[in-house]
Amino acid sequence: MDQDPTPSTPSQSPRPYDPPESHRPQMRPVGVGPRPAVPGAGRASRVAGLWVALGILCYLIFGLQLMDHAGPDTLPDPAKYSSVQLKLMGRYVIGAKSWGMSLEGISAQIDDLADANVIDRLRAAVVISEILGPTEGLNRLDHLDPLLADMGDDEGVAGLQEDSALLRRAFTLAAAATPPEPPATEEPAESAGAESTSSAEQPIASPLPEPLTEAERQRLVDRHGWFGRLTLAQDPGADPAIRAEIVSGGVRAMIALLCFAIIGGGAILIGLALFIIAMVMVGSGRVRTRYAQTRAHFTAPTPAFLETTVLFLGLFIGIQIVAGLIGLLVDIESVAKPMSLILMWLVALIAFWPLARGVSFSQLRAAYGWHAGGDGFAGVVREVGMGVVGYLAGLPIVIGGVLLTVLLMALTSSETTHPIQGEVEVRSLTDAIYLYVLAAIWAPLVEETIFRGAMFHSLRQWTGLLASAFATAFVFAIIHPQGYAGVPVLMALA
């Protein structure tokens, strides 16, 4: 959404992507644009076939994801599985504890957070031990061990049972070294004597287990990362530097959380004000669409961009199938991430498919928005600024999507976690590069080009703004693997 640009003087030459006055759109409310072109019968049937193919591909992608969410969970390798939400909660607990804040009720939240995964339940026992003491950590292990025993003799299960045994030894030693809490009130002499006699008559406790060896301590760190270090920090005889590192990380997490709350709260207030202003401008007809400037580059609608979207989704499915088959046949652990990056960038080249269908590069740039309105660097700054303002104004819509997602999760007991959450534990430079390229370069460039470029342009050739935006956002949401409960918030973001 832009204000009316200042008309150029007759002496100024037309800028790229600034069509002649006859092509410029008139002042229209959002959602009302020039009448879409009507294709011929042959082209219409081909376009209809492409839309059917797009629907089938979306159904296949979404159906496969639902099957993954509903099917039995495979036990991942703990060394490669990252409990992101649980780790954030644990760091918050450490920071809050160091600041003397109340942690009442937090243990129930941690138990709920870790309920769906045995690895998370094992790691939650470490966090609970930090909050409530090693005895409560042992209590969590008492509930977990029977579940592991019922899961069979799988190698991964056996490894978790060994980890549980190591945690049990660590918690037992920590509990033995923890001084008992003094009684709340003093007892009468007779009662104290009776209690002492009763205690003396109790059987002698079993001998304490052997302390963890250096190899066992390293095993916990290698397999459980931060949670392994937190276990070692609870050992009364541990190096103080370990405890200092854990506490320092918790304090940093608390500071980051407070900054996020302050900045996020301010952004929501600003966004609400901008949203209200935008709605007033739309209602008064002071906002117009800019798509007519893109449409001016095309003498007739072309299905090339719709073909691009269909090809992208087809390759998206194909790569997943091929990667799965290769993983079954060959151990490619050491080259999996570089190969996946190469394949993803090869898929991204499909964005240039319209050039093979007779579309000029100038038209391609116009349809995808690969330009700054002919204003050079100033145009880039303007586009970035409008993007920031647009996202802020859209925050109320995002909040509505979040509320709908939370409602769906509550009604259906479904999860909206992304599979990448199990892979974001950065253990090497390769991991960091892979995640950065995937999340900060590939995804924004390719998703904006394919969905907000190719698909949105295809829809805008035949229909209006709101219908095009809604359909594009819906397809964008359902191909993401967060499950159906995550569709509202993803649509709002899109």
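Reckoned from all heavy atoms, side chains included, excluding hydrogens, waters and symmetry mates.
- Counting only N and O atoms by type, the side chains of Y291 and H457 include a donor and acceptor under 3.5 Å apart.
- The two residues R452 and A494 have their closest heavy-atom pair at NH1-CB, 3.8 Å.
- The distance from the CD atom of Q109 to the CG atom of L113 is 9.0 Å, given to the nearest 0.5 Å.
- Annotation: side chain of L122 is in contact with side chain of L141 (closest heavy-atom distance under 4.5 Å).
- Residues L465 and F456 form a side-chain contact, since some pair of their non-hydrogen atoms from C-beta on lies under 4.5 Å apart.
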Step-by-step side-chain contact (heavy atoms from CB on, under 4.5 Å) determination, D120 to Q85: CA-CA 10 Å; D120 284 342; Q85 294 172 304; over 6 Å; no

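- Separation of atoms CG (L404) and CD1 (I399) is listed at 12.5 Å; rounding is to 0.5 Å.
- At a threshold of 4.5 Å between non-hydrogen side-chain atoms, the residues I397 and F275 count as touching.
- Taking the six-membered ring for Trp and thresholds of 30 and 60 degrees, F470 and F474 have nearly parallel ring planes, at less than 30 degrees apart.
- The shortest distance between side-chain heavy atoms of I94 and M254 does not fall below 4.5 Å.
- Nearest approach of P301 to Q461, heavy atoms of both residues: CA-OE1, 3.0 Å.
- Between the side chain of W442 and the backbone N or O of M344 there is at least one donor-acceptor pair closer than 3.5 Å.
- The closest side-chain heavy-atom distance from F476 to M455 is not below 4.5 Å.
- Going from atom CZ of R357 over to atom CG of L306 covers 11.0 Å, rounded to the nearest 0.5 Å.
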Working for ring-ring contact (aromatic ring centres under 6.0 Å, His included), residues F305 and Y368: CA-CA 10 Å; F305 296 96; Y368 288 164; 5.6 Å; yes

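- Checked by atom type and distance alone, the side chain of E307 never pairs as donor or acceptor with a backbone atom of P354 at under 3.5 Å.
- Here the side chain of S458 pairs a donor or acceptor atom with the backbone of A454 at under 3.5 angstrom.
- Judged by distance alone, with hydrogens and angles left aside, the side-chain atoms of T308 form no donor-acceptor pair with the main-chain N or O of A351 at under 3.5 Å.
- In this structure, the side chain of T449 engages the main chain of L445 through a donor-acceptor pair within 3.5 Å.
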Working for side-chain contact (heavy atoms from CB on, under 4.5 Å), residues L220 and E216: CA-CA 7 Å; L220 288 177; E216 291 170 336; over 6 Å; no

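- Between L86 and A124, the shortest heavy-atom distance links the atoms CD2-N, 3.8 Å.
- A donor-acceptor contact shorter than 3.5 Å is absent between the side chain of S129 and the backbone of A125.
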Full working for side-chain contact (heavy atoms from CB on, under 4.5 Å) between I450 and L313: CA-CA 10 Å; I450 298 299; L313 293 180; over 6 Å; no

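- Each of L167, L166, V221 was checked for a side-chain contact (heavy atoms from CB on, under 4.5 Å) with T231, and the lone residue meeting it is L167.
- Distance check: I128 CD1 to E130 CD gives 10.5 Å after rounding to the nearest 0.5 Å.
- No side-chain heavy atom of L230 sits under 4.5 Å from any side-chain heavy atom of R123.
- The CG atom of L311 lies 4.5 Å from the CD1 atom of I350; values are rounded to the nearest 0.5 Å.
- At least one side-chain heavy atom of L395 sits less than 4.5 Å from a side-chain heavy atom of L392.
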side-chain contact (heavy atoms from CB on, under 4.5 Å) assessment of I479 paired with F451: CA-CA 11 Å; I479 72 165; F451 292 100; 3.2 Å; yes

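- Between F352 and L364, some side-chain heavy-atom pair lies under the 4.5 Å cut-off.
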